[in-house]
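Step one of this worksheet: look at the structure below.
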Amino acid sequence: MKEYRLTDFLPTTKKELELRGWDYVDVILFSADAYVDHPSFGAAVIGRTLEAAGFRVAIVPQPDWHGDYRDFKKLGRPRLFFGIAPGCMDSMVNKYTAARRLRSEDAYSPDGRHDMRPEYPTIVYAKILKELYPDVPVVLGGIEASLRRVSHYDYWSDSLKKCLLCYSPADMITYGMGEKVTIELARRLAAGESIRDIRDLPQTVYLSRKEDIIGGITDRDIVLHSHEECMKNKKAQAENFKNVEEQSNMMHAQRLLQGVDGRYVVINPPYPPMTTEELDASFDLPYTRQPHPKYKGKRIPAYEMIKFSVNIHRGCFGGCAFCTISAHQGKFITCRSKESILREVKQVIEMPDFKGNLSDLGGPSANMYGMSGRNKNACEKCRRPSCIHPQICPNLNTDHSKLLDIYRSVDALPGIKHSYIGSGVRYDLLLHRSKDEASNKAAMEYTRELITRHVSGRLKVAPEHTSDRVLYLMRKPSFQQFYEFKRIFDRINREEGLRQQIIPYFISSHPGCQEEDMAELAVITKNLDFHLEQVQDFTPTPLTNATETWYTGYDPYTLQPVFSAKTPKEKLAQRQFFFWYKPEERRGIEQSLRRIGRPDLIAKLYSGMPPQGGYRPAGGGPKPAGSGKPSGGGKPKSYNPNFKNENSRAKHHSEKPQQEKRGRNRRNF
C-alpha cells in the first residue's frame, strides 16, 4: 500500500499551500461534504480535473458559516474564481426525511455529524463569499445547482422556487457532469475574459436582461412559461418541466429561456456526453481514494459504503419518474474502458484493509454497461426521457456481453475473491427478448452468472410497486416481470444449492398511488414471503417528473390530473401497509381497510391470526375478520391485475416454473 503524504491531497489550509510552495491559488472550491479524495465525490473530481489541466486548486470542506467567517478567509482570494460544490446529494434530501424530520446522520460528514452543513449551502456560501470578495466570480455547481436551475418545487418550504441564481449572488451555474465546462470556464477566465461576458459556454446558466441575451431570442430557443405564470397556473409549470426534461436528455438540445423578475434565466444546451477516453481520463486522475488526513480516526459513512466499490459507467436510460439522474447525468451511457476499470480495481486490492471482496462493480444501474442505440442517427433525434419505458426501444442494444467480460476480467485478478453487484439491477433488461439471438443468449448467461457469482447473499432490485397503474406513472415495468425474475432467481438458487434472497425496494405515496394500492401491495408481498425492509415514503426532490406531478397535480406529458397523497396523515396511511407484519400496526391497518371499503383484505393479511386484544369488526358477532363487504355492497373490485391473479398465484411459486413445464418456452438461464 502506497503511503500518502499531505501534499498528495488537494491543499485545504494555508500550511498545505506553503508545503507546495504556492503563493497563490487559481480556484478555491467550497464543499459542503467532507473532503474524500475519491472519484465518487464531486468536489474531488472537479479539483483533480482542474489540477490536471495545470491550475492550482484548493478545497475548503465544510466551512463554518457562523461568526467571523474565518474558513472563508483563510486561503484568501483565488486568481480565477470560487467554486461551490454543495454536496453529492441535494442538501435538503441529505438533511431531512420525507416526513421533514432530521435524518439520523449526515452520511457525508465526519462521524455523521448534523451540524457541518447549512440548509441550502449553495446560497449560504455564495452570500458570504460575495460579501467578503465582491469582485471575485462565484460559480455554482453540483447536484443542488443542477436540480434548481429553473423554476422548481421545493418540498421543504412547500413553495415554487425560482432559479437558484435568483436567491444567490453567484455569477453562474454549471450543471450536469462538470469536468468539461469547468475546464473551459477556467481557461477562458485565465485568458482574461470577464465572467459577465462568457455567455455562450455550454452547460451553464446565467441571468440576463432581454436585450443582453447573446444572439437574441430566436425560433431555435424554447421560451418557457415565466416563473410568475407558473405561480398562477400549475399546468404551466408542468408544461415547463416536460421541455426541461426532454432537453436534458437530447444529443442536440436547444437553449431554454425563462422570464423571472423582469429578466431571463438562460440555460445553454449541455455538452455532448463524454467519450470513453474522456471518462477514463477523469477516473485515472491521481486520487488517493482516502479521506483527507484531517479526518483520521473519524468515520465518514458515505465513504465506508463505497470504499471497496468501483463505478464502471455514467448515465442511466431508465428515466424513472422519481429519479434525478436524467437531470444531472442524462440518459446516454458513457462507459469506462476495461483497462481503466482494472487499474482502479488494482488500487483497491492494494488497500491495507481490503479482504478480497469488492462491494460493488456497478453504476447508476448495474447492468447498462456497454448499451446504446444501434442507429445513432435515431438517438440524435430522440426526445424520449427513457429508452426502456413504456417499452424497451427496438433501437437499444441490450447486449450484456461487454459487462460479462468486465466481471470475468476483474474476477481473474490476483487478490479478488468476489466482485459483488451492490447497485440495483434492471431485471427488465435481463428478461427482454430482442431480434438478436446473441444478445438474448448473453442476457441469459449474465443472469445466471450474476446470481451464482456476484450476489453476496442478497440481490437488490427495485420493483418499487405492485400496481401496474402506479408503475406506469413511475416509468417502471409491470410487476409481472418481477414475478418472472423471482421465479428464475429461485430456480437458479435451487439448481446451484444456494440460499440467497432478493431484496426488493418499494415506494409509498408516489403520485397516482392510493391507499388501496398499498393494501394490495401488502397482500402481494406477504404471499411472496417478504417482510419489507428497503422501503421509503416518496420524497419530492427538485426537477423530477414525479415531483412536478405531485406539486402540480398533472402528469407533465399528458396534463391529465393525478392524485397524490400529500398530508402527513395521508402519507402515513399508505406507509403503514409496508409493515403489516408488525403487531403494533395491525389495528390501524384493519381500521383503514374498513374505511376504504376493503375489509376483504383483512383475512388475506391476517388469516389464522387471532384478533388483537379481542378486537372485533363493527357490528360484533362471531364473523371472522375480513368477512365484511365494501360500503357499496357486492364483491370488492381491484384495478391491479397482479392482485386479481394473486389467489391463483399462491401455489404458483412453489410449483415448477412455467417454462420448465412447457418445452416450447424453455429458457436456459
Side-chain angles (χ1 to χ4, degrees), residues 1-5 8-10 33-49 51-52 88 107-108 110 179 276-277 279-293 295-314 334-370 402-425 449-450 453-460:
M1 175 66 183
K2 180 179 177 181
E3 290 291 330
Y4 289 105
R5 299 168 299 173
D8 290 319
F9 294 81
L10 297 174
D33 288 344
Y35 172 31
V36 180
D37 192 40
H38 187 285
S40 292
F41 292 77
V45 173
I46 296 304
R48 290 296 189 184
T49 300
E51 178 187 55
C88 292
Y108 292 88
E179 290 99 329
T276 291
E277 292 73 23
L279 190 58
D280 281 356
S282 179
F283 275 91
D284 290 346
L285 294 169
Y287 305 101
T288 63
R289 291 184 60 88
Q290 296 179 11
H292 189 276
Y295 304 115
K296 188 174 182 180
K298 296 180 180 179
R299 180 182 67 95
I300 299 174
Y303 172 68
E304 296 301 320
M305 185 183 301
I306 56 87
K307 187 176 182 180
F308 301 131
S309 70
V310 173
N311 191 342
I312 62 176
H313 76 266
R314 279 191 191 165
T334 301
C335 301
R336 298 173 64 184
S337 68
K338 181 168 75 173
E339 293 73 23
S340 176
I341 294 168
L342 293 179
R343 280 194 293 271
E344 187 175 357
V345 173
K346 289 174 182 176
Q347 276 188 285
V348 175
I349 292 171
E350 293 175 359
M351 296 176 73
D353 45 353
F354 181 67
K355 307 299 182 185
N357 299 317
L358 282 178
S359 60
D360 189 20
L361 192 61
S365 283
N367 57 318
M368 291 184 180
Y369 182 89
K402 291 181 179 178
L403 187 51
L404 276 168
D405 181 45
I406 294 294
Y407 288 179
R408 291 165 182 171
S409 299
V410 167
D411 287 351
L413 291 174
I416 293 293
K417 295 177 182 177
H418 297 99
S419 58
Y420 295 122
I421 307 307
S423 311
V425 174
E449 182 154 328
L450 170 73
R453 296 183 59 86
H454 301 287
V455 177
S456 59
R458 312 174 102 197
L459 178 66
K460 297 177 186 176

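For the numbers below, each heavy atom of this structure counts, side chains included, while hydrogens, waters and symmetry mates do not. Everything quoted here is computed from the prediction, not taken from an experiment.
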Any [X] side-chain heavy atom under 4.5 Å of [Y] side chain:
X: Arg48; Y: Pro286; answer: yes
X: Ile312; Y: Phe283; answer: no
X: Leu450; Y: Leu459; answer: yes
X: Ser40; Y: Met305; answer: no

Let me confirm one number: the [atom1]-[atom2] distance from [X] to [Y], rounded to the nearest 0.5 Å.
X: Ile341; Y: Ile406; atom1: CD1; atom2: CD1; result: 4.0 Å
X: Asp8; Y: His292; atom1: CG; atom2: NE2; result: 10.5 Å
X: Ile416; Y: Leu361; atom1: CD1; atom2: CG; result: 9.0 Å
X: Ile300; Y: Tyr35; atom1: CD1; atom2: OH; result: 11.5 Å
X: Lys417; Y: Phe354; atom1: NZ; atom2: CZ; result: 9.0 Å

Under the criterion side chain to side chain contact (heavy atoms under 4.5 Å, CB included), which of Glu344, Glu339, Lys338 is the partner of Leu342?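 Filter result, single survivor: Lys338.
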
Closest contact, heavy atoms only, [X] versus [Y]:
X: Gly370; Y: Lys402; value: CA-CD, 4.1 Å
X: Tyr295; Y: Ala34; value: OH-CA, 3.4 Å
X: Ala44; Y: Val36; value: CB-O, 3.4 Å
X: Ser337; Y: Thr276; value: N-CG2, 3.6 Å

Does the pair Asp280/Arg343 count as a salt bridge with the N-to-O cut at 4.0 Å?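 So Asp280 does not pair with Arg343 through a salt bridge.
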
Look only at the side chain of [X] and the backbone of [Y], and say whether a donor-acceptor pair between them is shorter than 3.5 Å.
X: Arg336; Y: Asn311; result: yes
X: Ser419; Y: Asp411; result: no
X: Asp37; Y: Phe9; result: no

Given Asp360, which of Ser309, Ser423, Ser456 fulfils the side chain to side chain donor-acceptor pair (under 3.5 Å) condition?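 Looking at Ser309, Ser423, Ser456, the match for Asp360 under the side chain to side chain donor-acceptor pair (under 3.5 Å) is Ser423.
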
Tell me whether the rings of [X] and [Y] are parallel (<30°), tilted (30 to 60°) or perpendicular (>60°).
X: Tyr420; Y: His418; result: parallel
X: Tyr303; Y: His38; result: perpendicular
X: Tyr407; Y: His454; result: tilted

